[in-house]
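Structure record follows, encoded as structure tokens.
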Amino acid sequence: MSDYTELLELFKDRRRAFVEQLEHDDEFTTASRLADVQLCITAIEAVMAEPPEEKTGPRVEFGPDGWPVTLTP
């Protein structure tokens, strides 16, 4: 899984900028952009919180001669 820390920080910086801009104006477009950025942050955090994928399939063990001896599910 990729590390999205830098992407998350980028969107947090954008959020701060839109909050500061919203403090000086109350335009719908500014609020809408702020909401979009917040949705992106929420999505990135959700992906980062997912557990890593587990390997599936049988496990192959090899004997001293190099040939497979058992398959463990």
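Throughout, residue positions are numbered sequentially from 1 according to the sequence presented.
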Checklist entry - What residues form a side-chain contact (heavy atoms from CB on, under 4.5 Å) with Arg14, not counting sequence neighbours? => result Leu10, Phe11, Val37
Item to check | For Phe62, all residues meeting side-chain contact (heavy atoms from CB on, under 4.5 Å), sequence neighbours excluded | outcome: Val60, Pro68
Checklist entry - For the atom pair CG (Leu34) and CG (Leu22), what is the distance rounded to the nearest 0.5 Å? => result 6.5 Å
Checklist entry - What pairs with Asp65 under side-chain contact (heavy atoms from CB on, under 4.5 Å), at least two apart in sequence or on another chain? => result Trp67
Anything under 3.5 Å between a donor and an acceptor, one on a side chain of residues 38-49, the other on a protein residue two or more places apart or in another chain? List them.
residue, atom, partner, partner atom, Å
Gln38, OE1, Arg15, NH1, 2.9
Thr42, OG1, Gln38, O, 3.0

Checklist entry - Nearest 0.5 Å, what's the NZ-CG distance between Lys12 and Leu7? => result 11.5 Å
Next on the checklist: Tell me every residue that passes side chain to side chain donor-acceptor pair (under 3.5 Å) with Thr29, counting only those two or more places apart in sequence or in another chain.
Outcome noted: none
Item to check | With sequence neighbours excluded, residues passing salt bridge (charged side-chain N to carboxylate O under 4.0 Å, His left out) with Asp13 | outcome: Arg16
